[in-house]
Amino acid sequence: MAEASTRRSRRRPVLDNELLEDFLHAPVAVLAAVITLGFFLAALFAPWVAPHDPFDLAAVNLLDALLPPAWLEGGDGRFPLGTDDQGRDVLSTIIYGARISLGVGVASVLLAIAIGVPLGLVAGYAGGRVDAVIMRIADVQLSFPAILIALLIDGVARGLLPRELHDELAIYVLIFAIGVSGWVQYARTVRGSTLVERRKEYVQAARLIGVSAPAIMLRHILPNVLGPVLVIATIHLALAIITEATLSFLGVGVPPTQPSLGTLIRIGNDYLFSGEWWITIFPGAALAILVLAVNLLGDWLRDALNPRLR
Amino acid sequence: MFTHIGNTRTRRRLAATSALIAALAVAVPASQADAQTFRWAFQGDLQSLDPHALNETFTLGFLGNVYEGLTAYDKDLNLIPALAESWENVGPTTWIFRLRKGVKFHNGNPFTAADVVMSWKRSLSEGSDMKAYGRKIKDIRIIDDYTIEIETPAPNPILPRDLVFLYIMDAEWAEANNTLEATNVKGGEEGNYANLNANGTGPFMVVERQPDVRTVLVRAPDYWREIEGNVERGVFTPIAQDATRVAALISGELDMAYPIPVQDWDRLEAAEGVRPLTGPEARTIFLGMDQARDELLYSNVKGRNPFKDRRVRLAFALAIDVEAIRDKIMRGASVPAGLMVAPQINGFNPELNDRWPYDPERAKALLAEAGYPDGFEITMDCPNNRYVNDEKICQAVAAMLAKIGVKVDLLAQPKSKYFAKVLAQNDYDTSFYLLGWTPGTFDSHNPIFNLMMCRDKETGAGLFNLGGYCNPRVDELGRLIESETDPEKRQAMIDEAFRIHKEDVGHIPLHQQPLSWGVRDGIALVQRPDNVLDLRYVRVLD
């Protein structure tokens with residue numbers, strides 16, 4: 001153990017062969033990664049992967065509605081996981097739904113990073129009043145649950161935007177709402193790391209030779225604080241997907257014309273107790289598996305990059 | 001994060017369990033303490049407390065517990081005297097109504113002839129949705145406080161039926177509260193007092209009104225008539241989610257809920273303590289198309305209106321597989337319709353009730369012939385909490401039309417927003433819509449007058465002809481039917497009007513939906529074919 005820790009402490013870059021080696025020796029992490037990757041690929045290539053296009057109304061046949069999964073009595077081989085109330089293939093809607101869920105999740109994480117990281121850098125580097133202002137804002141926002149802030153932004157946007165644009169803009173509003181509600185963690189983490197980094201010799205040296213503050217932050221400090229950001233981003237992705245599903249389940253997320261996993265669960269919920277359980281259970285299971293996999297991956301990444309655990 | 005989720009789940013389960021325990025603990029003594037409380041839910045809220053704001057069966061049916069008209073329906077839809085004691089047709093267009101004495105509004109004011117005149121005038125005011133009924137009256141002359149003479153614009157043998165839903169409001173109260181004009185469903189104006197306050201002569205008074213949350217009624221102390229029901233307090237809650245509504249009924253939180261989604265009938269049958277109450281409803285669900293404008297408001301076809309071409313309308317009718325809608329969406333519980341009226345309606349002729357057959361190939365050919373070989377795009381307006389499975393029907397219609405190349409952009413919204421958009425008050429802001437109609441008079445003239453005659457602001461004809469269908473002969477027949485008293489001649493005219501309307505494809509009738517109520521054991525009530533719940537007949541037995 002002692003030998004291992006000295007070996008690891010030499011490590012400088014975030015990703016290297018040793019990390020990969022660790023990864024391959026953690027079966028749970030590998031499984032989680034495979035599942036996550038699978039979801040991403042299926043979502044990315046949905047039109048080729050999905051057996052049907054559930055949004056091509058001309059191809060949907062009402063007479064195929066409410067068929068149970070293929071292995072049950074009355075099931076149809078064309079629809080492995082059954083069909084919903086309009087005759088859409090449940091498997092295909094899940095694949096297309098995962099596309100929306102992951103898209104919104106990734107985009108809102110990127111937005112949160114884009115807001116949180118620069119603010120954290122500036123707060124940590126400048127210190128003083130700037131730091132105080134940014135961090136107090138962060139503290140105030142942190143005292144509200146993220147879902148509440150997302151609901152607030154979503155509600156206000158719906159009030160302000162004209163009705164015709166709601167459906168078109170719903171996804172962007174959602175990304176904005178989830179992104180803005182999640183930037184605080186990034187800002188706090190980056191600020192903490194920046195406080196440590198700015199006292200180090202290489203930063204002092206850069207300042208002495210007259211490198212400008214933005215350049216120091218961007219070129220010298222930023223690369224050294226990205227490790228924790230990566231960890232937070234992974235875990236935040238799972239949270240963003242759940243938040244999106246929650247909002248869509250409540251009916252304030254993406255419209256039913258381009259359903260995410262949360263929307264699918266909401267639609268199927270009406271049938272849960274009527275016998276047609278597959279309409280909501282399968283999207284629900286897909287969501288649970290996806291979030292679990294991303295979470296496990298994030299957990300592993302956190303442990304692997306945490307110097308205290310090394 | 002993972003543990004965090006786990007915690008939330010556990011917490012939620014704990015919360016649910018404790019809520020359940022609390023509910024059980026409270027429910028038992030509560031049901032014994034105030035035995036005559038009746039709690040019920042519908043999928044949407046009533047539009048307004050204003051009796052002239054919206055001509056919608058649910059809103060008017062609810063308000064029928066608070067307000068009353070000169071005449072009323074009993075539990076079997078027989079016409080009975082209400083605020084009028086008796087009436088008599090003294091000339092072709094003249095009626096004498098003798099009003100009931102000793103009736104008091106909830107605020108204590110006596111009911112007199114002046115209230116009738118004010119209410120009639122109010123029903124004709126700018127924002128009113130009851131103009132079609134109000135215009136059945138040309139003038140009212142007050143003979144004395146309890147006698148009025150009504151003059152109609154034309155002979156109208158069914159005038160007393162036209163007055164059932166024309167509710168009477170206290171003139172003094174309306175004047176004092178500055179609400180002599182009806183609430184406009186379009187909204188926008190500063191609050192109309194009668195929108196949130198009520199003062200009728202009915203057996204119930206509104207004591208609490210929170211739009212979209214709950215409305216509480218209590219029994220009025222000196223109602224003028226003996227009633228069968230024993231409800232002292234009524235609590236109405238709109239519950240939009242089907243599954244939630246059913247769960248609330250089964251858990252005992254409600255005494256009655258409607259509509260029950262058709263897929264849950266078996267579940268109610270199997271559950272203990274509740275039962276489904278079903279039957280055929282007199283409501284016809286149909287599609288309408290804007291045939292009046294020169295260019296559709298919501299379509300990619302510019303410079304002309306495809307719905308002016310009968311071939312396009314026929315193509316739409318042929319593209320719809322109503323049997324599939326019945327089997328898959330309505331679970332076999334709807335009755336496909338070829339006419340705009342249900343079998344319960346006077347004037348219904350079974351021979352005319354066949355539909356345009358389902359024939360997508362011919363529909364496609366017709367579209368091509370009309371100059372739309374690749375179809376076109378159109379926005380469809382649809383309510384999502386008004387009729388049984390309304391949004392699902394619209395989705396299915398969109399999919400069926402997609403197969404003939406018509407791309408439907410579906411705009412499904414709650415009924416309050418839907419009605420505010422498509423009705424006359426908002427200048428018929430729609431190109432293609434789904435609507436349902438129960439004739440308030442239970443006579444075929446009502447849908448002919450409201451849905452099929454050319455729009456005429458003077459007479460009120462065609463007020464709900466949202467698509468502006470207009471055929472001079474149907475228009476003429478509509479006027480003749482109104483005053484014709486010979487049943488055989490009248491039926492022949494009704495048949496002709498319906499035949500022309502079908503040949504023109506003025507609307508596309510889909511089906512009659514089922515009445516679908518869920519009732520807790522220990523509640524006796526009457527299910528009217530117009531889907532109205534009348535608290536006068538509700539008995540809480542335990």
Side-chain angles (χ1 to χ4, degrees), chain A residues 32 54-67 83-88 145 147 163-164 166-168 185 231-232 234-239 242 246 249-251 255-257 266-276 279-280 288 291-300 302, chain B residues 1-6 8-9 240-247 250 260-268 270-271 298 320-329 331 360 375 379 384 389 391-413 417 421:
Chain A
F55 304 114
D56 179 9
L57 284 178
V60 174
N61 194 340
L62 186 59
L63 290 171
D64 294 332
L66 300 170
L67 293 174
T83 57
D84 70 0
D85 58 313
Q86 295 287 334
R88 288 180 292 236
I147 186 86
R163 179 67 184 81
E164 306 83 67
H166 278 184
D167 280 3
E168 279 168 54
Q185 276 192 308
V231 174
I232 299 175
T234 320
I235 294 171
H236 186 212
L237 175 63
L239 192 67
I242 282 280
T246 311
F249 183 78
L250 293 174
T257 42
R266 173 168 65 93
I267 295 170
N269 195 32
D270 276 349
Y271 296 93
L272 183 57
F273 294 110
S274 319
E276 287 93 12
I279 306 176
T280 194
V291 171
L292 184 61
V294 175
N295 257 322
L296 287 174
L297 202 61
D299 272 359
W300 175 83
R302 184 185 60 200
Chain B
M1 264 333 123
F2 174 53
T3 45
H4 170 77
I5 291 165
T8 319
R9 279 204 192 132
Q241 278 272 329
D242 285 341
T244 317
R245 195 164 56 248
V246 175
I250 291 179
I260 299 299
V262 282
Q263 68 266 18
D264 282 345
W265 285 5
D266 294 343
R267 202 178 143 213
L268 280 202
Y298 304 102
I320 289 164
D321 183 358
V322 83
E323 264 94 37
I325 293 179
R326 179 193 59 196
D327 294 344
K328 289 295 181 174
I329 294 177
R331 314 276 173 133
T379 299
N384 61 16
N389 285 336
E391 186 176 3
K392 297 191 174 93
I393 296 170
C394 290
Q395 285 175 4
V397 165
M400 287 165 182
L401 289 173
K403 294 191 180 57
I404 64 165
V406 175
K407 189 176 168 290
V408 174
D409 189 9
L410 184 59
L411 179 57
Q413 5 182 28
K417 286 186 178 160
K421 179 173 187 282

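Side chains are part of it too, since the values below use all heavy atoms of this structure and drop only hydrogens, waters and symmetry mates. First the proteins, then the strands, lettered A, B, ... as listed; each starts at 1.
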Which atom pair, heavy atoms only, marks the closest approach of S274(A) to Q263(B)? OG-CG, 3.3 Å
Exercise: identify the closest heavy-atom pair between R267(B) and F273(A): CD-O, 2.9 Å
I need the residue from A399(B), A398(B), A243(B) with the largest number of non-hydrogen atom pairs under 4.5 Å to chain A. A399(B)
Max heavy-atom pair count under 4.5 Å with chain A, selected residue of A247(B), A396(B), P261(B): A396(B)
Does K328(B) reach the main-chain N or O of L62(A) with its side chain, forming a donor-acceptor pair under 3.5 Å? no
Please check if the side chain of Q241(B) supplies one atom and the backbone of D270(A) the other of a donor-acceptor pair under 3.5 Å. no
Which value, rounded to the nearest 0.5 Å, describes the distance between M400(B) atom CE and N61(A) atom CG? 8.0 Å
Who among L272(A), V294(A), L66(A) has the most heavy-atom pairs with chain B under 4.5 Å? L66(A)
Check each atom of [X] against the heavy atoms of chain A and say whether the ones under 4.5 Å are side chain, backbone, both or neither.
| X | value |
| --- | --- |
| R331(B) | side chain |
| I325(B) | both |
| D327(B) | neither |

Tell me, do I329(B) and D85(A) make a side-chain contact under 4.5 Å, heavy atoms counted? no
Tell me, for L63(A) versus chain B, whether the close heavy atoms (under 4.5 Å) come from the side chain, the backbone, both or neither. both
